[in-house]
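Here it is: the structure, laid out below.
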Amino acid sequence: MGSEGIARRGSDAWVTSRWTRAYDWDWTTAKPTSMTEHSARLRADILPPSFYYHVLRVVQEQPSSELDVGTLRVQCVEATDTVRSILSACHSPRSIASIIAEVHGAAAGTKGAVLGVTQALIRAGLLAPAGAEEPPDTAAAFHAARTLYGFFQQEEEMVPAMEAIHAHAPKTVVEIGTAWGGSLFCWAQVADPDALLVSVDLPGGVGGAGYLPESIPHFRNFCFEGQELVAILGDSRDSAVIGAVDDALAGRSIDLLFIDGDHAYEGVKADFEQYSPLVTPGGMVMFHDIQPQTEVDPAQRIEVSVFWDEISAGRRSHSFIADPSQSGAGIGIIYMD
Ligand SMILES: C[S@@+](CC[C@H](N)C(=O)[O-])C[C@H]1O[C@@H](n2cnc3c(N)ncnc32)[C@H](O)[C@@H]1O
């Protein structure tokens with residue numbers, strides 16, 4: 001919308017978009033160990049260390065593979081004090097005149113500067129007309145996850161999986177194996193806006209990924225305001241980790257369990273046996289890498305397909321496979337009837 005259109009809407013009420021998120025991550029110093037220098041450098045070159053963005057307006061151009069972010073373009077607004085003041089003033093709907101009066105009154109800048117910043121926020125979609133529907137867009141959320149955090153998933157599999165999850169609107173999500181945060185990002189966008197998200201990840205676990213405690217505040221930033229994120233760093237089979245997941249759930253059952261941690265047969269089986277009894281009747285258990293691994297990876301055994309064939313037989317299940325000839329990949333869901 002041009003500034004003329006914004007001015008015409010000047011007396012309408014604006015509210016901070018439900019897709020507005022904060023981001024603060026200095027990629028020059030905080031590269032996950034398993035991410036390539038090239039991927040981290042691309043992010044460092046294009047992303048200011050602290051900004052606000054609209055989840056569905058992050059644009060990725062010419063991605064070259066799921067592990068390589070390709071060319072990036074992120075529409076974002078740097079997180080100045082004025083920007084923060086305007087966005088927090090608009091938790092409840094405000095007219096442009098009242099935003100300017102409040103933020104200018106709080107000495108955040110001249111009236112003209114506050115108007116200019118407000119217009120920039122509207123153009124970036126970070127302020128939305130009050131009452132606008134703002135529906136989700138799973139493909140756009142996927143691109144944002146890949147661009148901003150990076151992950152180990154393919155669009156053709158992840159997007160339909162996100163659609164299935166969105167239809168289910170889980171209020172409790174447990175993810176085993178978070179790595180750089182991309183899949184957790186996606187679940188947050190399609191889960192209930194008040195959902196509890198529990199991430200279990202082993203830093204330096206099999207496959208050499210995992211995140212560090214410093215990543216946790218960054219991951220919290222991509223959640224909806226009403227969501228709670230509990231991050232548990234440890235082995236999913238460790239009794240202290242199992243106890244921490246129980247504590248986080250506080251008696252609730254799991255609506256979506258995503259198993260993407262240890263990919264060896266015993267690992268994936270143990271995760272299923274440990275956590276699936278906690279899943280709500282009718283709830284979902286989702287696995288990544290359900291296709292046979294035909295190219296042997298010396299760094300890890302990927303044997304999810306063997307367990308998937310066993311566990312999905314005779315159950316209500318669904319799979320999303322981009323390329324049946326590909327080694328590994330593929331997302332499978334079973335419903336715990
Ligand atoms: C394939 S990566 C996860 C990818 C992530 N879900 C995504 O889509 O971007 C596997 C992750 O599981 C973690 N992991 C491996 N073994 C684990 C275990 N026993 N308990 C918890 N996490 C484990 C690894 O450290 C790694 O971060």
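Note: hydrogens, waters and symmetry copies are ignored here, and every other heavy atom, side chains too, is used. In listed order, ligands and their atoms are each counted from 1.
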(message) Under 4.0 Å from a heavy atom of S236: which atoms of ligand 1 are those, numbered in the order shown and with their elements?
(response) 18 (C), 19 (N), 20 (N), 21 (C)
(message) Under 3.5 Å between any N/O of G177 and any N/O of ligand 1: does that happen in this structure?
(response)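 Yes; the residue has a nitrogen or oxygen that sits under 3.5 Å from a nitrogen or oxygen of the ligand.
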(request) Would you tell me whether E175 and S199 have side-chain atoms, one donor and one acceptor, within less than 3.5 Å of each other? (result) no
(message) Need the ligand 1 atom indices (1-based, order shown) with element for anything under 4.0 Å from a heavy-atom of Q153.
(response)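 Once the distances to Q153 are compared, the set is 7 (C), 8 (O).
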(request) Determine, stepwise, if the pair Q293 / S305 fulfils side chain to side chain donor-acceptor pair (under 3.5 Å). (result) CA-CA 8 Å; Q293 184 84 353; S305 67; over 6 Å; no
(request) With atom 27 (O) of ligand 1 as the reference point, say which of G267, A270, G210 has the nearest heavy atom. (result)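 Considering heavy atoms of G267, A270, G210, the nearest to atom 27 (O) of ligand 1 sits in G210.
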(message) For ligand 1 and H263, I'd like to know whether there is a polar contact (N/O to N/O, distance under 3.5 Å).
(response)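 By distance alone, the answer is no.
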(request) Answer with yes or no after comparing the ring centroid distance for Y149 and W25 against a 6.0 Å cut-off, counting only values under it. (result) yes
(request) Using a strict cut-off of 4.0 Å, indicate which atoms of ligand 1 neighbour a heavy atom of A209. (result)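 Atoms satisfying the 4.0 Å criterion: 25 (O), 26 (C), 27 (O).
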(message) Side chain, backbone, both or neither: which applies to V241 and ligand 1 if a contact is any heavy-atom pair less than 4.0 Å apart?
(response)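 For V241, no heavy atom sits under 4.0 Å from ligand 1.
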(request) May I ask you to decide whether D192 forms a salt bridge with K171, counting only side-chain N to carboxylate O separations under 4.0 Å? (result) yes
(message) W19 vs F224, test: ring-ring contact (aromatic ring centres under 6.0 Å, His included). Steps then yes/no.
(response) CA-CA 8 Å; W19 298 109; F224 283 106; 5.3 Å; yes
(message) With the threshold set at under 4.0 angstrom, would you say G234 reaches ligand 1 through any of its heavy atoms?
(response) yes
(message) Determine whether the aromatic ring centres of residues F272 and Y275 are separated by less than 6.0 angstrom.
(response)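 So the answer is no for these two rings.
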(message) Tell me whether L202 has any N or O atom under 3.5 angstrom from an N or O of ligand 1.
(response) yes
(request) Heavy-atom contacts with T178 under 4.0 Å: which atoms of ligand 1 show up? List them by number with element. (result)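 What qualifies from ligand 1 is 5 (C).
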(message) Salt bridge or not between K269 and E303? Use side-chain N to carboxylate O under 4.0 Å.
(response) no
(request) Please could you name the atoms of ligand 1 that D235 approaches to less than 4.0 Å, counting only its heavy atoms? (result) 18 (C), 19 (N), 20 (N)
(request) Run the numbers for me: atoms of ligand 1, each under 4.0 Å from some heavy atom of A179, listed by number. (result) 2 (S), 3 (C), 4 (C), 27 (O)
(message) Under the criterion side chain to side chain contact (heavy atoms under 4.5 Å, CB included), I'd like the reasoning laid out for M336 against M284: C-alpha separation, chi angles, the key distance, then a yes or no.
(response) CA-CA 6 Å; M336 301 299 288; M284 306 162 103; over 6 Å; no
(request) Using a strict 4.0 Å cut-off to heavy atoms of S183, name the atoms of ligand 1 that fall inside it. (result)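 This gives 5 (C), 6 (N), 7 (C), 8 (O), 9 (O) as the contact atoms.
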(request) Would you mind finding which of L233, D260, D201, D262 brings a heavy atom closest to atom 16 (N) of ligand 1? (result) D262
(request) Could you say whether the N/O atoms of F152 and ligand 1 ever approach to under 3.5 Å? (result) yes
(request) I would like to know whether F222 and L148 meet side chain to side chain contact (heavy atoms under 4.5 Å, CB included); could you show each step before the answer? (result) CA-CA 10 Å; F222 60 56; L148 299 175; over 6 Å; no
(request) Would you kindly check if the NZ (Lys) or CZ (Arg) of R316 is within the cone defined by 45 degrees around the ring axis of Y335 and under 6.0 Å from the six-membered ring centre? (result)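 Here R316 passes the 6.0 Å and 45° test against Y335.
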